[in-house]
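Comments concern the structure below.
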2 protein chains.
Amino acid sequence: MRISDLAARSGLSTKTIRFYEQSALLPAPPRTPGGYRDYPEQAVARLAFIRDSQGAGLSLAEIRSILVLRDSGQAPCAHVTALIHQRLNDIERRLTELAKTRDALNGLARRAALTDPTSCRESDICTILSSVREKPRG
Amino acid sequence: MRISDLAARSGLSTKTIRFYEQSALLPAPPRTPGGYRDYPEQAVARLAFIRDSQGAGLSLAEIRSILVLRDSGQAPCAHVTALIHQRLNDIERRLTELAKTRDALNGLARRAALTDPTSCRESDICTILSSVREKPRG
DNA sequence: CTAGACCTTCCAGCGCACTGGAAGGTCAAG
DNA sequence: CTTGACCTTCCAGTGCGCTGGAAGGTCTAG
């Protein structure tokens, strides 16, 4: 299978496929006499796996670490489980942070709705945003 | 005030302050005869404003757009309000996506807990992750 | 033989917000 | 005069996951 066929079947661009090869995610395939990459069927599954893993929030580096294990003949289950829990932690943390930012923004939106533009002085730059923190002295 | 003093009072590095000047966030200050930057007091407030705005989730480009307005003598209230609502939209969307990813990962974690490592065949790479999508044929 | 669709390699850039380092200038203390 | 803390500019790199483009090779149809 040539690279453009693999691209069509995987939904990735040929650029991305070559990039994955260079990133050690996809093994270098054999070449035709003319020098073209000639992929086996399994390449489709491999790319699908990469996509699924990305969908699960794993980085390419993490996906590579799974593939390295698998390619060395080991079952990567324990590793995968650990990665999943790490990601879960990350995501929980980011969710918390984002929710905090959202709450702050909602507060600002409420303040903005009450702001009289004529009350803004140049030295404040913008009273809506400036008074996010209480200033010890003004 | 020299740049290191401003750095100390703003909690930023001198590198960052010069970067902000180059990014048109902080006006270029006058120089001493020796060529050193010599900041006025207001610079502290300006950097504090930038930090507050970043804390509200605004990008440097957005903050710049506010400062440009203010520096041109206009009250940026309407603009700021629009930015806040845009950010709120972005954040809500990201929260939704992250929550979806978290749910997917929780599903995977549950599946992983039930996985028998001996059931993994090499062709699957990893059954925990591979079966995220149902395959039409296997 | 030629057009053009595909392939190859290599290098470079995106966006974001910095950060690091080299090479050199300034200034106050001793 | 020297040391050393500070300052200057400029260039380049970080991480992430690609994406673009140039310059050239291969293969098929007509």
Side-chain angles (χ1 to χ4, degrees), chain A residues 1-26 28-39 43 46-67 83 86-87 90-91 94 97-98 101, chain B residues 1-26 28-39 43 46-67 83 86-87 90-91 94 97-98 101:
Chain A
M1 189 187 338
R2 277 189 306 176
I3 196 167
S4 63
D5 300 325
L6 180 58
R9 292 182 57 185
S10 66
L12 298 170
S13 70
T14 58
K15 280 283 188 190
T16 301
I17 292 171
R18 278 188 282 256
F19 170 73
Y20 282 179
E21 177 181 325
Q22 202 200 297
S23 307
L25 288 161
L26 189 62
R31 300 291 180 119
T32 66
Y36 291 6
R37 287 174 177 81
D38 187 19
Y39 291 97
R46 182 116 172 173
L47 291 179
F49 173 76
I50 293 172
R51 243 192 351 172
D52 290 346
S53 305
Q54 275 192 305
L58 300 187
S59 71
L60 293 185
E62 289 168 335
I63 297 168
R64 179 166 44 240
S65 70
I66 296 171
L67 290 170
L83 286 177
Q86 271 175 40
R87 277 291 122 206
D90 286 3
I91 286 180
R94 281 205 290 160
E97 262 179 38
L98 268 187
T101 303
Chain B
M1 187 188 337
R2 279 188 306 176
I3 196 168
S4 62
D5 299 326
L6 181 57
R9 290 182 57 185
S10 65
L12 299 170
S13 70
T14 58
K15 281 282 189 190
T16 300
I17 292 172
R18 278 187 283 256
F19 170 73
Y20 282 178
E21 177 181 325
Q22 202 200 297
S23 307
L25 289 161
L26 188 64
R31 301 290 179 119
T32 65
Y36 291 5
R37 287 174 177 81
D38 187 20
Y39 290 97
R46 181 115 174 175
L47 291 180
F49 172 77
I50 293 173
R51 243 193 349 173
D52 289 346
S53 304
Q54 275 191 306
L58 301 187
S59 70
L60 292 185
E62 289 168 334
I63 297 167
R64 179 166 45 239
S65 70
I66 297 171
L67 290 169
L83 286 178
Q86 272 175 40
R87 277 289 122 207
D90 286 2
I91 285 178
R94 281 204 289 159
E97 262 178 39
L98 267 187
T101 302

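Naming: A, B, ... by sequence-line order, numbering from 1 per chain.
Sequence order on DNA chain C of the closest nucleotides to B:S59 and A:R37 puts A:R37 first from the 5' end.
Side-chain atoms of A:D38 come within 3.5 Å of backbone N or O of A:M1 as a donor-acceptor pair. Proximity of a side-chain donor or acceptor of B:R2 to a complementary backbone N or O of B:Y36 within less than 3.5 Å is not detected.
A 4.5 Å side-chain heavy-atom check between B:I50 and B:L12 finds every atom pair outside the cut-off. Looking at heavy atoms from C-beta onward, A:S10 lies in side-chain contact with A:I17 at the 4.5 angstrom threshold. Annotation: side chain of A:T101 is not in contact with side chain of B:R87 (no heavy-atom distance under 4.5 Å).
The CD atom of B:Q22 sits 13 Å away from the P atom of D:dT8 (whole-angstrom rounding). The CZ atom of B:R64 sits 12 Å away from the P atom of C:dG15 (whole-angstrom rounding). In this structure, CZ of A:F19 is placed 14 Å from C1' of D:dG20, rounded to the nearest angstrom. We find that CG of B:L47 is positioned 15 Å from C1' of C:dA17, with the value rounded to whole Å. Distance CG (B:L26) to C1' (C:dA17): 16 Å, rounded to an integer number of Å. Here D:dT19 presents its C1' atom at 14 Å from CD1 of A:I17, a figure rounded to the nearest Å. We find that CD1 of B:I3 is positioned 19 Å from P of D:dA5, with the value rounded to whole Å. Look at CZ on B:R31: it is 16 Å from P on C:dG25, rounded to the nearest Å.
In A:R94, the CZ atom is not crowded: 12 or fewer heavy atoms of neighbouring residues, nucleotides or ligands sit closer than 6.0 Å.
Across all their heavy atoms, B:A7 and B:S13 have their closest contact at CB-C, 4.2 Å. Considering every non-hydrogen atom in both A:A28 and A:E21, the closest pair reads CB-OE2, 3.6 Å.
Less than 4.0 Å separates DNA chain D from at least one heavy atom of each of the following residues of residues 8-16 of chain A: A:S13, A:K15, A:T16.
Contact annotation: A:R18 reaches the phosphate of C:dT8 (side-chain N/O to OP1 or OP2, under 4.0 Å). Contact between the side-chain N/O atoms of B:Q54 and the OP1/OP2 oxygens of C:dC18 is found at a separation under 4.0 Å. Within the 4.0 Å cut-off from OP1 or OP2 of D:dG17, not a single side-chain nitrogen or oxygen of A:Y20 is found.
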For nucleotides 23-30 of chain D, 5' to 3', base contacts (B), sugar-phosphate-only contacts (S) and non-contacts (-) with protein non-hydrogen atoms under 4.0 Å give --BBS---

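Distance check, rounded to the nearest 0.5 Å: CG of B:L26 to OG1 of B:T16 gives 11.5 Å.
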